[in-house]
Chemist: 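Starting off with a structure, shown below.
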Amino acid sequence: MGLLDEQRAFVTGGASGIGAATCRRMAAEGARVAVVDVDEPRAREVAQSIDGIAYRADVTDFDSLASAAADANDRLGGLTVLFNNAGGSSMAAVHDYALDEWQRIVTLNLTGVFHGFKAVAPLIVKSGGGAIVSTASISGTRPAAGEAPYAAAKAAVAALTATAALEYAPTVRVNAVSPGMIATPMTTLLLEERGLGRAEQMAAKTPLDRVGAPEDIADVVVFLCSDLARFVTGQNIVIDGGMTLHGSGVDGVFDIVRDLLARR
């Protein structure tokens, strides 16, 4: 028996990193999974490895996301789980953000989550209930310099989670996860020696003494979608190895990035 037997999940940003790890963990626990990403070839690779289905959809484009959700709902026999995971970031001082870049980051990280709710939540309700988890961030709970639109959007995801938990109760439980420093394609530049080479520093400021792995987040997402979390809703679970006990997760990184850019 798996934790998610007979569940049907829709995962955005499922082609890599936390999304891909969660798709695999959900499948291992018995769920059928729809892997959704703008990178269709990699989404298909993940889907094929777990006997799932794949879609190319951009969470910033509601029509494409809704179309994928409707098709997945039909093919899987009704959706019961949504993992709003797609996101991304960049760095600049508040006043240096180009207007279109600010809009891009907020639309991807916040409106994209709203689109997930709008497209999938009614389908989960129609299926009889289930669970929704969205990826927020420690940047939303302990922001650092240089990440204003990302931090603001992720803080808003936590607020949206609480509102949705009230609206969909008791049929659908709604929670968020806030990852700390996780080794994913999104953090490669920060962690690898060819980039800023800060993996050791990040581990040193983390009480559990390591950078996180995508599977560390996937396990908590699966827990929140399972009956083990049957009395948990409206929460934002921080998964950072204790890093933010000492302050924001990427303190000082913006200064390093700014110095590097100034030397070019």
Side-chain angles (χ1 to χ4, degrees), residues 2-4 9 11-31 33 35-37 39 42-43 45-50 52 81-89 109 131 133-142 144 147 150-151 154 157-158 175-226 228-229 232 235-251 253:
L3 290 174
L4 299 181
V11 179
T12 69
S16 64
I18 291 169
T22 303
C23 288
R24 296 186 182 103
R25 188 74 169 91
M26 285 179 168
E29 291 294 342
V33 182
V35 184
V36 185
D37 206 284
D39 188 340
R42 292 185 67 178
E45 287 179 14
V46 174
Q48 288 171 1
S49 72
I50 60 173
V81 168
L82 166 63
F83 183 29
N84 277 314
N85 174 66
S89 187
N109 291 286
V133 178
S134 300
T135 300
S137 173
I138 57 170
S139 294
T141 59
R142 297 294 295 270
E147 54 178 5
Y150 181 75
K154 291 300 189 178
V157 168
N175 293 287
V177 291
S178 280
M181 184 53 60
I182 308 298
T184 71
M186 183 174 162
T187 59
T188 295
L189 175 64
L190 176 62
L191 296 175
E192 288 189 355
E193 288 300 329
R194 287 173 295 175
L196 301 181
R198 289 178 58 87
E200 289 185 3
Q201 294 97 316
M202 290 297 171
K205 67 184 290 187
T206 303
L208 293 187
D209 197 30
R210 64 178 175 88
V211 170
E215 291 75 15
D216 294 322
I217 311 304
D219 285 350
V220 178
V221 174
V222 166
F223 161 74
L224 289 172
C225 294
S226 77
L228 292 177
V232 180
Q235 304 305 304
N236 179 23
I237 311 297
V238 174
I239 313 165
D240 69 348
M243 174 182 277
T244 51
L245 293 173
H246 299 303
S248 64
V250 291
D251 249 351
V253 171

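Computed over heavy atoms, backbone and side chain alike; hydrogens, waters and symmetry mates excluded.
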Chemist: Spell out, as yes or no, whether a donor-acceptor pair under 3.5 Å connects the side chain of Thr206 to the backbone of Leu208.
Modeler: no

Chemist: Shortest non-hydrogen contact from Val157 to Thr135?
Modeler: CG1-O, 4.1 Å

Chemist: Nearest heavy-atom pair of Ser178 and Ser137: which atoms, and what distance?
Modeler: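 Minimum heavy-atom separation between Ser178 and Ser137: OG-N, 3.1 Å.
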
Chemist: Checking the side chain of Gln48 only, and the main-chain atoms of Glu45 only, is there a donor and an acceptor separated by less than 3.5 Å?
Modeler: no

Chemist: Nearest heavy-atom pair of Ala158 and Asn236: which atoms, and what distance?
Modeler: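 Nearest heavy atoms, Ala158 then Asn236: CB-ND2, 3.8 Å.
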
Chemist: Are Ile50 and Val35 close enough, and set up right, to give a side chain to side chain contact (heavy atoms under 4.5 Å, CB included), and what steps lead you there?
Modeler: CA-CA 10 Å; Ile50 60 173; Val35 184; 4.2 Å; yes

Chemist: Show me the donor-acceptor pairs, under 3.5 Å and distance only, between side chains in residues 11-27 and residues at least two apart or in other chains.
Modeler:
| from | atom 1 | to | atom 2 | distance (Å) |
| --- | --- | --- | --- | --- |
| Thr12 | OG1 | Asn85 | N | 2.8 |
| Thr12 | OG1 | Ala86 | N | 3.1 |
| Thr22 | OG1 | Ile18 | O | 2.8 |
| Arg25 | NE | Asp219 | OD1 | 2.6 |
| Arg25 | NH1 | Glu29 | OE2 | 2.5 |

Chemist: Rounded to the nearest 0.5 Å, how far apart are CD1 of Ile138 and CE of Met243?
Modeler: 5.5 Å

Chemist: Between Asn84 and Leu82, is the side chain to side chain contact (heavy atoms under 4.5 Å, CB included) condition met? List the steps.
Modeler: CA-CA 6 Å; Asn84 277 314; Leu82 166 63; 3.4 Å; yes

Chemist: Looking only at heavy atoms, which two atoms of Tyr150 and Gly88 are closest? And how far apart?
Modeler: CD1-O, 3.3 Å

Chemist: How close do Pro179 and Ile182 get, counting heavy atoms only, and between which atoms?
Modeler: CB-CG1, 3.8 Å

Chemist: At what distance, to the nearest 0.5 angstrom, does CD1 of Ile239 lie from CD1 of Ile237?
Modeler: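 Result: 7.5 Å between the selected atoms.
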
Chemist: State, to 0.1 Å, how close His246 and Pro207 come at their nearest heavy-atom pair, and which atoms those are.
Modeler: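 Smallest interatomic distance, heavy atoms only, reads NE2-CG, 3.9 Å.
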
Chemist: Given the rule in the side chain to side chain contact (heavy atoms under 4.5 Å, CB included) test, do Asp240 and Met181 qualify, once you have shown the distances and angles that lead to the verdict?
Modeler: CA-CA 7 Å; Asp240 69 348; Met181 184 53 60; over 6 Å; no

Chemist: Could you tell me whether the side chain of Asn109 and the main chain of Gly87 form a donor-acceptor pair under 3.5 Å?
Modeler: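 Here the side-chain-to-backbone pair does not exist.
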
Chemist: Calculate, to the nearest 0.5 Å, the distance between atoms OG and NZ belonging to Ser139 and Lys154 respectively.
Modeler: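 Rounded to the nearest 0.5 Å, the OG-NZ separation comes to 9.0 Å.
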
Chemist: Apply the test side chain to side chain contact (heavy atoms under 4.5 Å, CB included) to residues Val238 and Arg142: give CA-CA distance (whole Å), side-chain angles for both, the deciding distance (0.1 Å), then the verdict.
Modeler: CA-CA 11 Å; Val238 174; Arg142 297 294 295 270; over 6 Å; no

